[in-house]
Amino acid sequence: MVNMGLEVMRLHSRQEFQTWLANDLEVRDELEAMIGVELGIDERSLDTLEAFLLDRYHNPDEALRLNERGVLDAAARHIGLVMVLNIDGASWDIDLENEDNIYYRLPIIRLPDEAEECPLTMATAALDRCTGNYLRTVVENYEEDYNTATDE
């Protein structure tokens, strides 16, 4: 089950989160080597990433297997990077206090109005929906919501 697999991917401290962030470039470089293309940082790169994930996994549970969690983590890092760089005011964060938060101890993207999105669960949702453009669509919708609001 997806929720059980995500449980082992939760971080336990602010320091662990900072270390996770510090390893971002190296982990994403390994992902690009595995995919065989440079992903870039725009929304279209999410279609490339999603195609890779859909080709590799038939469902979210396959991606959450012990030997595959690193790939899922790298995918989440790329999704988060695209969000941070393309959605005005978005930033990485982690909730280490509210145990009732569904994203408790998972790296999230904090949006300007304090809304949260979890790139890791976005990756598993893309595997569940199998559209090929789920990730890009979600990010573009956030861009529409947050980027145009500041342009008015």
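This one's a predicted model, so the numbers in the text were calculated from it and none came from an experiment.
- Within the model, atoms CH2 of Trp20 and CG of Leu106 stand 9.5 Å from one another, a figure rounded to the nearest 0.5 Å.
- A 6.0 Å sphere centred on CD of Glu16 holds more than 12 heavy atoms belonging to other residues, nucleotides or ligands.
- The shortest non-hydrogen separation linking Leu53 to Ala123 is CD1-CB, 4.4 Å.
- Salt bridge annotation for Arg65-Asp61: absent, with no cationic side-chain nitrogen under 4.0 angstrom from a carboxylate oxygen.
- The hydrophobic cluster containing Ile79 also contains Met34, counting ILVMFWY residues as joined when their side-chain heavy atoms lie under 4.5 angstrom apart, directly or transitively.
- Side-chain contact between Leu64 and Leu72: present, with at least one pair of heavy atoms (C-beta onward) separated by less than 4.5 Å.
- Closest non-hydrogen pair, Ala76 versus Pro119, comes out as O-CB, 3.2 Å.
- The shortest distance between side-chain heavy atoms of Leu31 and Phe52 falls below 4.5 Å.
- Of the charged side-chain nitrogens involved, at least one lies within less than 4.0 Å of a carboxylate oxygen, so that Asp73 and Arg77 count as a salt-bridged pair.
- A salt bridge (Lys or Arg N to Asp or Glu O under 4.0 Å) with Arg56 is found for exactly one of Glu50, Glu62, Glu68, namely Glu68.
- Minimum heavy-atom separation, Ala90 to Met83: CB-O, 3.8 Å.
- Side-chain contact check for Trp92 versus Leu21: some heavy-atom pair is nearer than 4.5 Å.
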Any chance you could lay out the side-chain contact (heavy atoms from CB on, under 4.5 Å) test for Arg110 and Glu117, step after step, and finish with the verdict?
-> CA-CA 7 Å; Arg110 174 92 47 211; Glu117 184 62 78; over 6 Å; no
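- Leu81 and Tyr103 are assigned to two separate hydrophobic clusters, defined by single-linkage of ILVMFWY side chains at heavy-atom distances under 4.5 Å.
- For the pair Glu116/Leu111, no side-chain contact is recorded, criterion being any heavy-atom separation below 4.5 Å from C-beta on.
- The CZ atom of Arg136 sits 4.0 Å away from the CG atom of Asp47 when rounded to the nearest 0.5 Å.
- Tyr146 and Asp113 share a donor-acceptor pair across their side chains, judged by distance under 3.5 Å alone.
- Taking 4.5 Å as the limit, every side-chain heavy atom of Leu135 sits out of range of all side-chain heavy atoms of Val139.
- For the atom pair Asp93 CG and Cys118 SG, the distance stands at 12.0 Å (nearest 0.5 Å).
- Between atom CZ of residue Arg10 and atom CG of residue Leu120 there is a gap of 9.0 Å, rounded to the nearest 0.5 Å.
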Going through the distances and angles, do Asn147 and Ile87 end up as a side-chain contact (heavy atoms from CB on, under 4.5 Å)?
-> CA-CA 6 Å; Asn147 295 1; Ile87 301 170; 4.2 Å; yes
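- Follow the hydrophobic side-chain contacts under 4.5 Å out from Val27 and you never reach Ile35; the two are in separate clusters.
- Put simply, CZ on Arg14 and OG1 on Thr19 are 12.0 Å apart, with the number rounded to the nearest 0.5 Å.
- Using a 4.5 Å cut-off on side-chain heavy atoms (C-beta onward), Asp42 and Val82 make no contact.
- Side-chain atoms of Pro107 and Leu11, non-hydrogen and from C-beta on, do get closer than 4.5 Å to each other.
- When all heavy atoms of Asn86 and Ile41 are compared, the pair lying nearest together is ND2-O, 2.8 Å.
- Considering every non-hydrogen atom in both Leu127 and Ala63, the closest pair reads CD1-CB, 3.6 Å.
- Between the Asp55 side chain and the Ala51 main chain, no donor and acceptor come within less than 3.5 Å of each other.
- Annotation: side chain of Leu46 is not in contact with side chain of Tyr134 (no heavy-atom distance under 4.5 Å).
- A side-chain donor from one of Asp95 and Asn101 sits under 3.5 Å from a side-chain acceptor of the other.
- In this structure, Thr48 OG1 and Glu32 CD are separated by 10.5 Å, a value rounded to the nearest 0.5 Å.
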